[in-house]
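First the structure, in the form of structure tokens, and then the observations on it.
Reckoned from all heavy atoms, side chains included, excluding hydrogens, waters and symmetry mates. If you read the sequence from its start, that first residue is 1, and numbering goes on from there.
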Amino acid sequence: MQTSRREFVGQGGAVLGGLALINAPFLAQAFPSRAGEEVVAWLDQPPENPEPGAVRNLLRWQELDSWITPNDEFFAIGHYNWPVIDAQTWTLEVGGRTARPLAFTLDELRARPRREVTFTLECSGNHGFPWFIGGIGTAQWAGTPLAPILEEAGVLDDGREVIFFGADQGEEEVHEIKTLQNFGRSMALADAMSPDNLLCYEMNGAPLPEANGFPLRLIAPGWFGIANVKWLNRIEVRSSRYMGRFMAQDYVTLREEQQGGETVWRQTSVGRALLKSAPAKVTRSDGSHRIIGAAWGAPIARVEVRIDDGPWQAATIDQDEQAAFAWQMWSLDWPDAAPGEHSITSRAVDTAGNVQPAPDDPVIAGKRTYWESNGQVTRRVGI
Ligand SMILES: Nc1nc2c(c(=O)[nH]1)N[C@H]1C(S)=C(S)[C@@H](COP(=O)(O)O)O[C@H]1N2
Ligand SMILES: [Mo]
């Protein structure tokens, strides 16, 4: 793969040892690190993952040391089974309300125009539970654009929704009627036609790992994880709204709002990513401390950090590794850290001036379900 990364240079501009000479693409990332630093472990470590069958390999924030998450450290979520697919016999079907139903082999998709996107994939449930704070990772995804394929299929005039089906299946029950269904998620036709969407077969230069959707998945940059359907084998255009489990039951945000003194309930399907940031780790080097974190979900203008009840301080944003849909690393030097326990909170501000909401912001306080938990994250550390 192309590794147009700059040399392994710390934020101060010093080349660290001889590492720059080693051709190891995922070591060679800029990251706000200092030679000889050690990580000060968080006091509030997340509890053990209670759902190892469905959720794997969560990011361990304090071990974060690269902009790109290596494939073997990338989290994975499978709500049904974890299909192992034979790429030789697998095909992608495109049909429904289309003039020309199409089918593609993996080789045929790989022969089409190739595009890459560096995109931070976050599960919308991330930070919804104390144990679930590592459902996030950033990869360079490669594939072929979706929109030209829908154009070739010829969406009929009444086609309004595009459903992406995975090969994984599970039992669903509606009014005591049990059915075996494939994982499915839909998008409005206009959203599906976005030039950003890729039919993705590669992750960080390697074929998609099985856990991340081999041989093909949708990559929908700017959308929460759930939209990025893995083990994709059928794309279906329909004239009516798709109301499958992962659109209309799970991954539904229920929020209380006050409108003119009345309580109004807003119940929405999880959709686009939201502005967010989190402290990743605190490091110590020669007795001085530094707070390092990430911000994502919207174009980031700045990140601010608060220690205990102190003032919000502007963090430095890494200018070297930036991409429209990827997280931004930031850091704040903490030279005068006093011994004892401290809390660290970060908040991101996007280029439109929106601020990542505080826990008591109505948008967070009025939210009843755990999805889309983009409120400010506080961690505890002992100095
Ligand atoms: N077919 C299928 N696609 C899926 C899922 C799934 O269970 N089945 N899980 C979704 C969820 S909830 C998330 S957060 C992302 C996670 O992608 P990853 O496993 O590659 O990290 O995949 C999404 N795509
Ligand atoms: Mo998810």
Side-chain angles (χ1 to χ4, degrees), residues 79 90-104 106 108-110 112-124 139 141-168 181-203 208 212-213 215-253 268-274 297-298 324-325 371-372:
H79 285 287
W90 170 92
T91 56
L92 172 70
E93 289 175 23
V94 182
R97 300 301 296 156
T98 60
R100 289 169 295 278
L102 302 174
F104 298 91
L106 187 58
E108 285 168 342
L109 291 171
R110 295 187 72 105
R112 295 177 65 92
R114 174 191 167 92
R115 262 244 317 277
E116 296 180 354
V117 63
T118 306
F119 165 47
T120 297
L121 186 80
E122 186 191 21
C123 178
S124 51
W141 312 90
T144 192
L146 167 66
I149 287 179
L150 292 174
E151 267 160 20
E152 285 167 36
V155 174
L156 299 175
D157 283 348
D158 65 357
R160 53 179 285 198
E161 191 129 309
V162 182
I163 313 170
F164 301 89
F165 287 108
D168 49 334
Q181 298 201 21
N182 285 73
F183 182 96
R185 268 285 299 198
S186 70
M187 277 185 169
L189 180 62
D191 290 331
M193 290 298 290
S194 161
D196 296 325
N197 295 334
L198 297 184
L199 297 177
C200 165
Y201 44 72
E202 240 177 64
M203 182 178 178
L208 272 181
N212 304 99
L216 192 79
R217 76 180 302 171
L218 179 66
I219 283 294
W223 291 71
F224 272 119
I226 189 72
N228 296 261
V229 176
K230 305 192 284 187
W231 308 298
L232 186 62
N233 62 10
R234 179 164 173 78
I235 299 175
E236 195 171 314
V237 181
R238 289 194 189 167
S239 58
S240 62
R241 185 168 295 167
Y242 172 72
M243 296 285 284
R245 170 173 155 196
F246 299 100
M247 286 304 285
Q249 291 160 256
D250 270 0
Y251 291 89
V252 166
T253 297
T268 53
S269 189
V270 166
R272 290 173 203 278
L274 296 173
F325 296 108
W371 292 282
E372 301 186 286

Between [atom1] of [X] and [atom2] of [Y], what distance do you get to the nearest 0.5 Å?
X      : Y      : atom1 : atom2 : result
Arg115 : Leu199 : CZ    : CG    : 11.0 Å
Thr98  : Glu236 : OG1   : CD    : 9.5 Å
Arg234 : Asn182 : CZ    : CG    : 10.5 Å
Glu202 : Leu216 : CD    : CG    : 12.0 Å
Asn228 : Leu121 : CG    : CG    : 5.0 Å
Ile219 : Leu232 : CD1   : CG    : 11.0 Å

### Query
Does CG in Asp158 sit with more than 12 non-hydrogen atoms of other residues, nucleotides or ligands closer than 6.0 Å?
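Enclosed: over 12 neighbouring heavy atoms sit under 6.0 Å from CG of Asp158.
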### Message
Angle between ring planes, Tyr251 versus Phe246, binned at 30° and 60°: parallel, tilted or perpendicular?
### Response
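The arrangement is tilted - the two ring planes meet at 30° to 60°.
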#### Entry: Residues that Asp196 engages under salt bridge (charged side-chain N to carboxylate O under 4.0 Å, His left out), provided they are two or more places apart
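Result, salt bridge (charged side-chain N to carboxylate O under 4.0 Å, His left out) vs Asp196: none returned.
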### Task
Using the test salt bridge (charged side-chain N to carboxylate O under 4.0 Å, His left out), find all partners of Glu122 that sit at least two apart in sequence or belong to another chain.
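Glu122: salt bridge (charged side-chain N to carboxylate O under 4.0 Å, His left out) contacts with Lys276.
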Work out which heavy atom in [X] is nearest to a heavy atom in [Y]; give both atom names and the distance.
X      : Y      : value
Ala139 : Met203 : CB-CG, 3.9 Å
Pro215 : Trp90  : CG-CD2, 3.6 Å
Gly271 : Glu372 : N-OE2, 4.0 Å
Asn197 : Ala220 : OD1-CA, 3.4 Å
Leu218 : Ala227 : CD2-O, 3.4 Å

### Task
Decide yes or no on side-chain contact (heavy atoms from CB on, under 4.5 Å) for Ile235 and Leu146, but give the supporting numbers first.
CA-CA 10 Å; Ile235 299 175; Leu146 167 66; 3.9 Å; yes
### Task
Could you pull out all residues at least two apart from Trp223 that satisfy ring-ring contact (aromatic ring centres under 6.0 Å, His included)?
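Counting only residues at least two positions away or on another chain, Trp223 forms no ring-ring contact (aromatic ring centres under 6.0 Å, His included).
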Going by side chain to side chain contact (heavy atoms under 4.5 Å, CB included), name the residues that satisfy it together with [X], two or more places apart in sequence or in a different chain.
X      : answer
Ser269 : Arg185, Met247
Glu108 : Phe104, Thr105
Ala273 : none

With sequence neighbours left out, what residues match [X] under side chain to side chain donor-acceptor pair (under 3.5 Å)?
X      : result
Arg241 : none
Gln181 : Thr179
Ser124 : none
Tyr201 : none

### Query
Between the side chain of Trp141 and the main-chain N/O of Leu208, is any donor-acceptor distance below 3.5 Å?
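Not a single qualifying donor-acceptor pair exists.
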### Task
Report yes or no: does Thr144 contribute a side-chain atom to a donor-acceptor pair with the main-chain N or O of Pro113 at less than 3.5 Å?
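Yes, the answer is positive, given that a donor and an acceptor are paired below the 3.5 Å cut-off.
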Name every donor-acceptor pair, under 3.5 Å, that has one atom in a side chain of residues 159-168 and the other anywhere in the protein, sequence neighbours excluded.
residue: Glu161; atom: OE2; partner: Ser186; partner atom: OG; Å: 2.8
residue: Glu161; atom: OE2; partner: Tyr242; partner atom: N; Å: 2.9

#### Entry: Arg112 and Ile149, any side-chain heavy atoms less than 4.5 Å apart
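They are in contact (side-chain heavy atoms under 4.5 Å apart), so the answer is yes.
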### Query
So which pairs with a foot in residues 242-251 pass salt bridge (charged side-chain N to carboxylate O under 4.0 Å, His left out), sequence neighbours left out?
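Applying salt bridge (charged side-chain N to carboxylate O under 4.0 Å, His left out) to every pair that reaches into residues 242-251, excluding sequence neighbours, yields Glu172-Arg245, Arg245-Asp250.
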### Query
Stepwise, does the side-chain contact (heavy atoms from CB on, under 4.5 Å) test hold for Glu151 with Met193?
CA-CA 9 Å; Glu151 267 160 20; Met193 290 298 290; 3.4 Å; yes
